[in-house]
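One is the number of the first residue; the rest follow in order along the sequence. No experiment lies behind these values; they were computed from the predicted model shown.
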Amino acid sequence: MDVTIVRDSFTKYLKAAKFKITPERFQVLDTVLATEGHFDADELFLHLKTSGSKVSRATVYNTLDLLQDCGIVTKYRFGENHSRYEKTFDKPHHDHLICLECGDIIEFVNERISKIQDDVCQKNNFKPQSSTLQIFGICSRCQNK
């Protein structure tokens with residue numbers, strides 16, 4: 001998905017929900033769009049600060065909530081005491097393996113898991129919004145130490 005489309009989608013979301021359209025919110029969005037992998041709000045805030053941005057920590061947290069609400073990011077808890085985020089557009093639905101030793105997060109796609117989730121939802125007349133499977137264990141690198 002084109003960055004312009006994502007920015008337009010966020011603008012439409014803000015207008016529809018009657019939120020102010022501020023440059024600070026779009027600084028957060030642009031930084032998220034340039035970030036690869038999983039990140040937490042404090043990492044994002046520090047990156048913005050070291051880049052000279054005047055965005056407050058509260059604006060980062062609030063904007064991440066808005067980006068989650070409009071489907072641009074997904075929020076995860078990987079067994080840590082804080083949340084991590086990941087941009088969601090242009091990515092297939094995927095799940096995660098989390099190493100309890102080193103903290104690595106390995107993404108994987110499995111069509112059988114997706115099919116089971118679809119079947120369960122269909123049998124229960126349930127309209128899913130999102131899902132995630134997290135498997136906690138020890139990665140091969142840590143097993144070989």
**Prompt:** Does some side-chain heavy atom of H47 sit less than 4.5 Å from a side-chain heavy atom of T35?
**Reply:** no
**Asked** Taking atom types as modelled and ignoring hydrogens, do the side chains of S53 and Q27 form a donor-acceptor contact shorter than 3.5 angstrom?
**Response** yes
**Asked** Can you find a heavy atom in the side chain of T63 that is under 4.5 Å from one in the side chain of F10?
**Response** yes
**Request:** With the side chain counted from C-beta on, respond yes when F126 and V120 share a heavy-atom pair under 4.5 Å apart, and no when they do not.
**Result:** no
**Message:** Ignoring hydrogens, what is the shortest heavy-atom contact between T88 and G71? Give both atom names and the distance.
**Reply:** OG1-O, 2.6 Å
**Prompt:** Are any of the side-chain nitrogens in E36 or K87 under 4.0 Å away from the carboxylate oxygens of its partner?
**Reply:** yes
**Prompt:** Under a 4.5 Å cut-off applied to non-hydrogen side-chain atoms, are L133 and I135 in contact?
**Reply:** yes
**Message:** Looking at every non-hydrogen atom in both residues, tell me the closest pair between V73 and L64 and how far apart they are.
**Reply:** CG2-O, 3.9 Å
**Prompt:** Can you list the steps and then say if Y61 with V28 is a side-chain contact (heavy atoms from CB on, under 4.5 Å)?
**Reply:** CA-CA 10 Å; Y61 277 88; V28 173; over 6 Å; no
**Any side-chain heavy-atom pair of D95 and Q134 under 4.5 Å** = no
**V32 vs F39, side-chain contact (heavy atoms from CB on, under 4.5 Å): CA-CA, chis, key distance, verdict** = CA-CA 9 Å; V32 165; F39 59 91; 3.8 Å; yes
**Nearest atoms (heavy-atom pairs only) where C142 meets C99** = SG-SG, 3.7 Å
**Asked** Are side-chain heavy atoms of Q68 and T74 found at a separation under 4.5 Å?
**Response** no
**Message:** With a 3.5 Å distance limit and no angle check, can you tell me whether T59 reaches the backbone of V55 through a side-chain donor-acceptor pair?
**Reply:** no
**Prompt:** Which of parallel (below 30°), tilted (30 to 60°) and perpendicular (above 60°) describes H94 and H96?
**Reply:** perpendicular
**Asked** Using 4.0 Å as the upper bound for N to carboxylate O, is an ion pair formed by D119 and K123?
**Response** no
**Prompt:** Between Y85 and H38, is any pair of side-chain heavy atoms under 4.5 Å apart?
**Reply:** no
**Asked** Does some side-chain heavy atom of Y13 sit less than 4.5 Å from a side-chain heavy atom of F19?
**Response** yes
**Item:** Pair D40, Y76: side-chain N/O donor-acceptor within cut-off below 3.5 Å
**Value:** no
**Prompt:** Under 6.0 Å from the CD atom of E111, do we count more than 12 heavy atoms belonging to anything else shown?
**Reply:** no
**Asked** Within a radius of less than 6.0 Å around CD of E107, do more than 12 heavy atoms belonging to other residues, nucleotides or ligands occur?
**Response** yes
